[in-house]
2 protein chains.
Amino acid sequence: MAVKSAATRELLVTTALRMFREQGYEKTTMRGIAAAAGVSTGNTYYYFESKDDLVHELYKSLQDEHRARALPQLRDGINLGEQLRTILQTGVDVMGPYHDFGSNFLQVAIKPSSKVSPFGDEAAVARGKSIALFKQAVTVSRPQPPYAIREDLPELLWLGYMAVTLFWVYDRSPNQRRTRALINNAAPLAARLVILSRLPVVRKIVEDVVHLVRSAKQ
Amino acid sequence: MAVKSAATRELLVTTALRMFREQGYEKTTMRGIAAAAGVSTGNTYYYFESKDDLVHELYKSLQDEHRARALPQLRDGINLGEQLRTILQTGVDVMGPYHDFGSNFLQVAIKPSSKVSPFGDEAAVARGKSIALFKQAVTVSRPQPPYAIREDLPELLWLGYMAVTLFWVYDRSPNQRRTRALINNAAPLAARLVILSRLPVVRKIVEDVVHLVRSAKQ
DNA sequence: ACTCCTTTTTGAACGTGTTCAATCCATAGT
DNA sequence: ACTATGGATTGAACACGTTCAAAAAGGAGT
């Protein structure tokens with residue numbers, strides 16, 4: 001039965017993701033998903049704890065696609081600003097079809113109890129995957145970022161990515177033009193800031209910021 | 001009838017805020033609020049569009065209390081770091097009783113359609129009030145922040161405040177000890193950064209950041 | 001073929017936020 | 001006093017997410 005069971009689960013995920021994409025979060029009801037998949041309402045709850053759990057599936061799916069699209073573009077020798085631009089623009093591309101869904105997505109993500117919460121324990125794996133993307137960018141970029149912050153940089157950049165995502169949610173311009181413009185400006189700026197962290201004065205501040213973020217992580 | 005109508009509204013707000021504080025967001029039901037206030041369920045919807053609308057009332061109430069408590073403490077001649085510490089710590093104090101409620105609060109706030117959304121149009125008034133607090137801090141602090149950024153500083157500080165609030169939501173330590181520690185570290189750091197923005201190299205970056213934030217606002 | 005146990009599936013039921021036609025009630029105008 | 005008007009109030013009804021006891025379907029051992 002294991003194979004058929006897995007098929008039911010897969011069918012539910014596919015159906016749910018399609019309906020999320022086509023109708024948004026609210027109009028996609030648990031009854032609707034079940035009906036479209038040809039199973040009973042209650043059966044969905046055998047495979048998924050809640051509606052939010054299905055959003056978690058969407059989250060993981062997007063994450064995988066983001067990684068698959070961005071990673072091959074992170075080539076050796078390109079400067080950090082360009083690498084960042086690639087990661088962020090790819091992220092916006094992948095999330096694009098779900099933009100109307102965006103706020104609901106955040107809404108689910110924001111609750112600490114949620115599996116999707118980017119800061120929670122449950123999503124640690126997914127977060128790690130995302131940070132790994134930035135780690136790769138840092139590793140292959142030339143010139144190399146200063147050694148002093150190389151270790152903490154991926155996490156800091158990821159935090160910036162979260163901020164951009166927040167901006168994206170509220171961006172109502174067609175095709176999220178404004179978010180793309182923001183990325184084009186912010187990516188080289190961040191890269192320039194990284195370079196500047198070599199200067200003694202700036203370095204002191206950067207060290208303090210890094211220390212702050214570290215201690216905030218407990 | 002106008003006076004009695006206002007009384008009903010006030011009674012509902014008071015009841016709802018008390019129940020939010022005592023039982024949290026989910027356990028406080030619209031039926032429960034109506035019953036505790038001695039009116040019918042439907043009547044609540046005559047005065048408030050939705051449950052979230054009642055959260056908006058809570059938001060405004062907290063905002064007013066924050067302002068009332070923080071403003072008198074912003075005295076002339078104190079340095080910016082201390083002023084910031086005062087504002088942020090007072091904010092945590094005011095929100096304290098609602099900490100369990102915090103994530104639900106954010107959840108309501110995050111949706112662009114929501115009245116409470118800190119970035120939305122509806123909450124522009126409330127946001128303005130909050131930013132005014134930082135404007136006051138900037139105005140009375142000695143030494144004065146560099147002229148070049150004085151105008152944009154309140155808004156930037158407010159953004160930092162939003163970040164701290166986000167941290168607060170996820171802070172499970174008793175009495176939000178970790179958030180308070182974060183504030184004690186971050187406030188002087190921010191102040192030091194402001195001072196540093198006088199240096200030509202840093203100033204260039206700061207200008208770019210300010211420009212970025214400005215253009216992001218449309 | 002039959003039994004026993006586990007995995008999977010069902011659909012009714014509960015409590016929720018919200019809507020709405022109907023009703024009540026206070027007041028102004030006559 | 002009577003009535004018309006519009007604000008205030010009601011409570012049943014709807015669709016939703018979720019739960020759960022019960023039924024069905026599978027599979028293993030004999």
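Below, chain A is the first sequence line, B the second, and so on; all start at residue 1.
Residue Thr41(A) is classed as a base contact, given a heavy-atom separation below 4.0 Å to a base. Within 4.0 Å of Thr44(A), counting heavy atoms only, lies no atom of the nucleic acid at all.
The Thr29(A) side chain lies nearest to dG17(D) when the options are dT16(C), dG17(D), dT18(C). Side chain of Tyr47(B), nearest nucleotide from dG17(D), dT9(D), dT7(C): dT9(D). Across dT9(C), dG17(C), dG17(D), the shortest atom-to-atom separation from the side chain of Met30(B) is found for dG17(C).
Summarising the geometry, the separation between CZ on Phe48(B) and C1' on dT9(D) is reported as 15 Å, rounded to the nearest angstrom. Remark: P of dC20(D) and CD of Glu49(A) are 14 Å apart, rounded to the nearest angstrom. For the pair Leu12(B) CG and dT10(D) C1', the computed distance is 14 Å after rounding to whole Å. The distance from atom NZ of Lys27(A) to atom P of dG17(D) is 14 Å, rounded to the nearest whole Å. Met19(B) has its CE atom 10 Å from the P atom of dT16(C), to the nearest Å. Distance Tyr46(B) OH to dG17(C) P: 22 Å, rounded to the nearest Å. Between the CD atom of Gln23(A) and the P atom of dC16(D) there is a distance of 11 Å, given to the nearest Å. One can place CD1 of Ile33(A) at 8 Å from P of dG17(D), the figure rounded to the nearest angstrom.
Here Asn43(B) reaches the OP1 or OP2 of dT10(D): one of its side-chain N or O atoms lies under 4.0 Å away. Between Tyr45(B) and dT19(C) there is no side-chain N or O to OP1 or OP2 distance below 4.0 Å.
A salt bridge links Arg9(B) with Glu57(B): the closest approach of a Lys/Arg side-chain nitrogen to an acidic carboxylate oxygen falls below 4.0 angstrom. Using a 4.0 Å cut-off between charged nitrogen and carboxylate oxygen, Arg192(A) and Asp208(B) count as a salt-bridge pair. Remark: Arg180(B) engages Asp93(B) in a salt bridge, criterion side-chain N to carboxylate O under 4.0 Å.
Side-chain atoms of Ile87(B) and Tyr161(B), non-hydrogen and from C-beta on, never get closer than 4.5 Å to each other. Side-chain contact between Asn43(B) and Ser40(B) is present, with heavy atoms from C-beta onward closer than 4.5 Å.
Taking 3.5 Å as the limit, the base of dG15(C) and the side chain of Arg31(B) contain no donor-acceptor pair of atoms between them.
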